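The block underneath contains the structure these notes are about, expressed in structure tokens.
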Amino acid sequence: MIGYGFMGAAHSQGWRTAPRFFDLPAEPEMAVIVGRDAERVEAARQKFGWAAAETDWRKVIDDPAIDIVDICTPGDSHVDIAIAALNAGKHVLCEKPLANSVEEAERMVVAAERAAERGIRSMVGFSYRRLPAIGLARALVAEGRLGVIRQTRATYLQDWLADESAPLTWRLDKSLAGSGSLGDIGAHAIDMIQYLTGSTVDAVSGTLATFVTERPLLGETRGLGGTAAEQRGPVTVDDAAWFTGRLSGGAIGSFEATRYATGRKNAFRFELSGSLGAIAFDMEAMNELHFYDATAPAGERGFTRIIATEPEHPYAANWWPTGHALGYEHAFSHEAADLVQDIVAGRDPKPSFVDGLQVQRVLAAIERSAADGSGWVATA
């Protein structure tokens, strides 16, 4: 695993826990964790349970004992690491968004397709797809319970940057992150709507805003943020994004992504409205899915609150008794379990690098639209 920050911790938990709760056809061995700072990566190794620590990811790529490379670094390094790993015959799990540009993502797709001809698999880490409530939502749509989907709404609201004295982390540097709220959390909203509807976002009209253009430099990292130093630097990404999208299936979607929604900690919310019903979800109540059946008798209609912890719900049977809630971290165990099963079975995992490229094209189109007065821009 390359990277040991927030996502490194989440992925480590996934790799460590998946084989304890899922009957996997192969046992993942947490062989080596990689980071540029020798002292910090060694501390991460001890904390997260990896066998060894390394400061040069190229040595890991060259190691014949390594089968899977898990990329948890900032977006600017995804392309080089992923292509090198695939060319070296390693299966790859890459955090989202896939890259920092469409061109980089296209190169990664080419490498992935060539590697697939040799049985080498690749996957993008859109982990929210693997929540039981999301699996239920996907099934309801696929079964036609919503009928023709006409409208989708997706918002991802956080507030960890609402304090303008919060420090300048790598997520606020376009050269490292690619974009701000748009790519960091807006990518989740785009992927989720495309995943649930089975449609692609084919055209967008977008607006981007940066509210605080300068912040204190980062002193010490803590979670998503950290402590502030005395020096200051420029913010080079968007703080918030709003966009409307036309979906290939005929629906219209509205989206918002912001890290300035005061009071909202991780409010990833979506609602799909169809001719026969609707579904609604809020990540801050992640074990729940709300379903509206428009075919019920008029006097009995209303949103039904479904607790997605039953054995019938995806992944849930591997965990706790019914009604006992799962958490954010469980999605990463599901991600690891699915990847191992797909590799052993010789299946192409989902979401693929092609799926990641599609999201990248939507992100790029939103930026072009915002730069040109919010006019409609095709994503292709």
Side-chain angles (χ1 to χ4, degrees), residues 6-7 9-11 14 95-98 124-138 140-141 149 151-162 171 177 179-197 201 204 206 208 223-225 238-245 247 251 253-273 278-291 303 305-309 313-315 325-335 351 355-356 359 362-363 366:
F6 169 34
M7 278 299 101
H11 283 231
E95 254 305 319
K96 63 81 217 162
L98 184 60
V124 185
F126 283 107
S127 57
Y128 291 144
R129 287 191 180 200
R130 292 180 159 83
L131 299 176
I134 299 303
L136 173 60
R138 166 86 167 182
L140 289 171
V141 174
I149 296 176
Q151 298 181 72
T152 71
R153 290 165 289 281
T155 61
Y156 204 146
L157 313 176
Q158 297 178 340
D159 74 349
W160 60 277
L161 284 176
R171 286 180 169 84
S179 64
S181 294
L182 177 63
D184 185 21
I185 53 181
H188 275 301
I190 295 164
D191 178 72
M192 184 60 67
I193 293 302
Q194 294 188 144
Y195 173 62
L196 293 175
T197 62
V201 177
V204 294
L208 303 178
L224 288 172
D238 59 277
D239 286 331
W242 302 263
F243 49 102
T244 305
L247 276 66
S254 64
F255 301 81
E256 178 185 0
T258 177
R259 299 180 293 205
Y260 279 72
T262 306
R264 300 301 180 190
K265 304 307 176 183
N266 199 42
F268 178 27
R269 302 168 172 177
F270 66 76
E271 187 167 330
L272 274 61
S273 302
I279 52 175
F281 173 83
D282 184 346
M283 184 63 193
E284 292 184 345
M286 60 171 284
N287 291 280
E288 301 177 11
L289 184 71
H290 294 255
F291 172 57
F303 274 95
R305 175 174 169 261
I306 302 170
I307 307 299
T309 57
H313 296 133
Y315 307 105
L326 301 188
Y328 171 80
E329 74 280 3
H330 288 83
F332 296 94
S333 295
H334 303 161
E335 185 173 77
D355 296 323
V359 172
V362 177
L363 296 174
I366 294 164

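Positions are given from 1, in the same order as the sequence printed here. Everything numeric here is computed off the predicted structure, so don't read it as measured data.
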Closest non-hydrogen atom pair between [X] and [Y], with its separation:
{"X": "Leu208", "Y": "Ala241", "result": "CD2-CB, 3.4 Å"}
{"X": "Ala154", "Y": "Ile193", "result": "CB-CG1, 4.0 Å"}
{"X": "Ala187", "Y": "Pro97", "result": "CB-CB, 4.5 Å"}
{"X": "Gly206", "Y": "Phe243", "result": "CA-CB, 3.8 Å"}
{"X": "Ala257", "Y": "Ile185", "result": "CB-CG1, 4.0 Å"}
{"X": "Ala308", "Y": "Pro132", "result": "O-CB, 3.4 Å"}

[X] side chain near [Y] side chain, heavy-atom distance below 4.5 Å:
{"X": "Tyr156", "Y": "Asn266", "result": "yes"}
{"X": "Thr244", "Y": "Phe255", "result": "no"}
{"X": "Ile149", "Y": "Leu196", "result": "no"}
{"X": "Lys265", "Y": "Gln158", "result": "no"}
{"X": "Phe126", "Y": "His188", "result": "yes"}
{"X": "Arg264", "Y": "Arg259", "result": "no"}

Could you please spell out the steps behind the side-chain contact (heavy atoms from CB on, under 4.5 Å) verdict for Thr258 and Asp239? CA-CA 6 Å; Thr258 177; Asp239 286 331; 6.0 Å; no
Pairwise distance [atom1]([X]) to [atom2]([Y]) - rounded to 0.5 angstrom:
{"X": "Leu182", "Y": "Ile190", "atom1": "CG", "atom2": "CD1", "answer": "6.0 Å"}
{"X": "Asp191", "Y": "Asp355", "atom1": "CG", "atom2": "CG", "answer": "7.0 Å"}
{"X": "Met286", "Y": "Phe281", "atom1": "CE", "atom2": "CZ", "answer": "6.5 Å"}
{"X": "Arg171", "Y": "Asp184", "atom1": "CZ", "atom2": "CG", "answer": "5.5 Å"}
{"X": "Leu131", "Y": "His313", "atom1": "CG", "atom2": "NE2", "answer": "13.0 Å"}
{"X": "Ile279", "Y": "Leu272", "atom1": "CD1", "atom2": "CG", "answer": "4.5 Å"}

Between the main-chain N or O of [Y] and the side-chain N or O of [X], is there a donor-acceptor pair closer than 3.5 Å?
{"X": "Gln151", "Y": "Ser273", "answer": "no"}
{"X": "Asn287", "Y": "Leu326", "answer": "yes"}
{"X": "Thr155", "Y": "Leu157", "answer": "no"}
{"X": "Glu271", "Y": "Thr152", "answer": "no"}
{"X": "Lys96", "Y": "Ser127", "answer": "no"}
{"X": "Asp238", "Y": "Ser181", "answer": "yes"}
{"X": "Gln194", "Y": "Val201", "answer": "yes"}
{"X": "His330", "Y": "Gly327", "answer": "yes"}

Please say whether the positively charged group of Arg138, taken as NZ for Lys or CZ for Arg, lies over the ring of Tyr195, i.e. under 6.0 angstrom from the six-membered ring centre and within 45 degrees of the axis. yes
Evaluate the criterion side-chain contact (heavy atoms from CB on, under 4.5 Å) for residue pair Glu256 and Arg153; output intermediate values, then yes/no. CA-CA 9 Å; Glu256 178 185 0; Arg153 290 165 289 281; over 6 Å; no
Go through the structure and list residues passing side-chain contact (heavy atoms from CB on, under 4.5 Å) with Glu288, not counting sequence neighbours.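 Only Ala285, His290, Arg305, Ile307 meet the side-chain contact (heavy atoms from CB on, under 4.5 Å) criterion with Glu288.
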What residues, two or more places apart in sequence or in another chain, satisfy ring pair (Phe, Tyr, Trp, His ring centres under 6.0 Å) together with Tyr315? His334
If you apply the rule side-chain contact (heavy atoms from CB on, under 4.5 Å), what do you find for Val124 with Glu95, and how did you get there? CA-CA 6 Å; Val124 185; Glu95 254 305 319; over 6 Å; no
Parallel, tilted or perpendicular: rings of Phe268 and Tyr128 (30°, 60°): tilted
Go through the steps for Arg130 and Phe332 under the test side-chain contact (heavy atoms from CB on, under 4.5 Å), then give the verdict. CA-CA 8 Å; Arg130 292 180 159 83; Phe332 296 94; over 6 Å; no
